[in-house]
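One structure below.
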Amino acid sequence: MKKTIFLVEDESQIIDVYQTALKAAGFEVDSAATGGGAIEKVKEIRSGQLKKPDLILLDLILPDINGLEVLQEIRKYEETKDLLVIVLTNYGSGELEKNGYDLGKEQFLVKAQYTPTQLVALVKERLE
Amino acid sequence: MMIGFPLVILILSAIALLGLVVFLKDPKNTTNRLFVAMSFWIIAWIGSNFLENETSNLELASLFLRIDFASAAILVYFWFLFSLNFPQPVKGISTIKRIVILIPAVAFFILSFSDLVIRNIRFASDGIVFDGNIFYPLYIIYVVSYMVVGGSGGLIIKYRKVRGLERTQILYVLLGLSMSALPAVVLNLFFQGILPVEIVRAGLYGAIFVIGFTAYAITKHHLFDIKVIATELFTLAIWILLLVRALLSETISDTVINICLLVAVVIFGILLIRSVMGEVRQREKMEQMTIELERAYSIEKEAKVKIQELSEAKTQFIMATQHHLRTPLTSMRGYVDLILTGSYGKVPVKIKEAISKLQISTVRLLRIVNELLDVSQFQLGKKVVSLQPGIEMEPILKEVVDELRFTAESKGLYLKLQEPEGKIPTIQADVEKLKVALFNLIDNGIKYTSKGGITVNVEVSDSKVRITSKDTGIGISKERLGTLFDNAFERGKEAKKVFSAGRGIGLYVSNQIIKAHNGKVWAESEGEGKGTAFCIELPID
C-alpha cells in the first residue's frame, strides 16, 4: 500500500517540485497551502474523515498562521501527536532563534540545501 | 562731605591710565580707540564739573559749566559708538549713518556754549545753578537716547544674543554702567540744584567704575578667575593707598620715601599679577586639554556606537534577505533536479549538459547565500555548528576533493589527496559545515594557482588531525599571513588581480567554522609567488 505524505507549503512551485518527486517515488501526496487549511485537515484526520498520513512535511512560514502553531495543533491531540513531522524552512538557525521559533527536538531541514531527490531519500529514511 | 582735590586727581589719573593701558594693548583696534576717546571726554566732564563748583568767579564757573554740558554731549556720542563696537568692532556702517549720528553731538556741543540749552547761570548756597532754556529738553532727550537707548540698550540686546567670553565682557560693562554712569547722568540732569552738590557729584565720580570695568573687560581674558581678580584688586588697593599716602605726605623726605615705596610695590604687584595670571593660564590650558580629551573620547564613543549600529544593520539585512534568496533557489534546484532525474521524461544530451551547468551555477549561488548567512551569524556571535561525535574524516575529504577535482582540472591543475597509511581517528564535527570549511580552503588554492596544482594530505599526531592543502599558486606575503582569516570581505592586492570576482569571505568562514570545532586554521607561505599551504588542525574525538 502506498504511503501518504501530507505536504503543507505555501510556495506553489515548491509544492509542484516536491509533489512530482514524491509521486515519482511512489508516495501519495496530499497538500495544504495555508496553516488554516492544514489545521482543517488535522481535524479531519482526528475525526477519521481523512487517513492518517505517514509523514508530514510542514513549512514553517505560512501566509496565515505559522507552521509552529500547526505543529502544536498536531502534537496536542492523542490521535495525531505521534505523527512523523519534518519541518521545512529557509531560515538559518540564527534567524529561527531571532524570530522565536523554538523547534525543540523536531527535525527540520533547510529547503534550499536539499534537491527533491535528496528530500525523497530523507523521507524514505525517516519512514524506515 | 566734599571730595577733595587729591581724590579727584586720583580718579582722573586712574581713568587716564586705564585709557592709556587699553590704547597700548591694541592701538589699531577701533573698540580700543573709542574707549580712549570716551575716557578723554569723561575726564573733561568730571574735571569741568568739579571746577565749576570750586571757583568763586562766575564767568569761570559758567565756562566750566558749559564745558561740562559740551563734554557730556560728546561723551554720550562716543559711548554710543563704543557700544556699537564692543566687544568687537562692527563693519559696514555707512558714511551717511556716521554723519547722522555725529550731527546731534556736534550741534549740542556748540549749543552748550550758547544760552539756548542753559541760561541764567548763577551761584546758589550750595553751588552753581542754572535754568534750562528752549533746547534743554532736546539736550536731555539726546543724552538719554545716546546714553541709555542707543548705547546701553544696544549692549543689553547684544548681551542676549551672544555667548561665551563676549557675553561676559558685555556683562562687565553693564555692571560698571549700572554702578556709576546711569546714576551720574540722572543726578546731573534732573537733580542739579535740588540735591546737595556733593551728592550730585558722587554720581559723576562713580564713572571710574564704568571705565574700570570696561577696561578690564577689554584687556583681560580671565574674567571669571577670582584668584586673578582678587590679586589685582588687592594690588590696586595697595597702590591707591600708597599713592594717597604719597600725595598726603607732609615733608619732602616722606614724599620721596612714599613714592619709592609706591614704585617698589607697583613693580612687585605687576610681578605678582603676572605670576598669578601664568598659573591661571596653565590651569586653563590643562582644563582645555581635558575638555578636548573628553570631546575626543565622546566622539570616539559615538563613532563606535554608530559603527556597531551599522554593522548590526548590515547583518540584520543579510539575515532578512537570505530567506528570500533561498526560496527561489529551492525551486530552481528542485526543477533542475527533476529534469536531470528524468521526472519530465528523457532529456536530450545537449539539454542535459546545459541543465547540468545550470545546476552547478545554482549550487554556487546557494553556496554564496549560505556563506553570507554564515558570516552574518558569526558576526552576531550566533552558534553555527552542531558538533556530532564519531565523525570520520575520510569520506568528507574524499567528497570535497571529488567535488573540486573538475574545477581544478578545467584549469589544467592537478588535485591530489594523500591519505595517511593508517586509519584517521574520528573527530567531533558538524559534517556539512566542515565540508564548507575544507571546500573553501582547497577552492582558494585552486583560484589562486595558474600552474601546477594542489595536494591535500592528512597527518595524525597524538591528539590532533592535521589537514594541509598545499598549492603552487601566487603565495602570500608575510604581512598578509597574520590577518588572512580575520576579516570578511577583505582581499589582498595580488589576489584581486588573479581572481577579481572573489568576495573575500571564504577564509573568514573557514576560520570561524574550524574555531567552532575547537580547532585552528592557518596559512604558511614563503612569500609572493611561492605557493601557500593552508592547514587545519582538529582535536581527535
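The structure presented is a predicted model; accordingly, all values stated were derived computationally and were not measured. Atom set for the values below is all heavy atoms of this structure, side chains included, hydrogens, waters and symmetry mates excluded. First the proteins, then the strands, lettered A, B, ... as listed; each starts at 1.
Of the residues A/Ile14, A/Ile61, A/Leu7, the one that meets the side-chain contact (heavy atoms from CB on, under 4.5 Å) test with A/Leu88 is A/Leu7.
In this structure, chain B has a heavy atom under 4.5 Å from the side chain of A/Glu11, while its backbone stays farther away. Only the side chain of A/Tyr18 comes within contact range of chain B, with at least one heavy atom under 4.5 Å from a heavy atom of that chain.
Across every non-hydrogen atom of A/Met1 and A/Lys51, the tightest pair is CE-NZ, 3.8 Å.
A side-chain donor-acceptor contact under 3.5 Å links B/Thr330 and A/Asn90. A side-chain donor from one of B/Asn370 and B/Arg326 sits under 3.5 Å from a side-chain acceptor of the other.
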Legend entry - A/Ile86 vs A/Arg126, side chain to side chain contact (heavy atoms under 4.5 Å, CB included): CA-CA, chis, key distance, verdict: CA-CA 9 Å; A/Ile86 298 176; A/Arg126 194 73 201 274; 3.7 Å; yes
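Taking B/Thr327, B/Leu325, B/Leu329 one by one and counting their heavy-atom pairs under 4.5 Å with chain A, the maximum is reached by B/Thr327.
A cation-pi contact links B/Arg367 to B/Phe439, judged by a cut-off of 6.0 Å to the six-membered ring centre and 45° from its axis.
At a heavy-atom separation below 4.5 angstrom, chain A is approached by B/Thr341, B/Ser343, B/Tyr344 within residues 339-348 of chain B.
Here B/Leu417 contributes atom CG and B/Leu404 contributes atom CG; the two are 11.5 Å apart, rounded to the nearest 0.5 Å.
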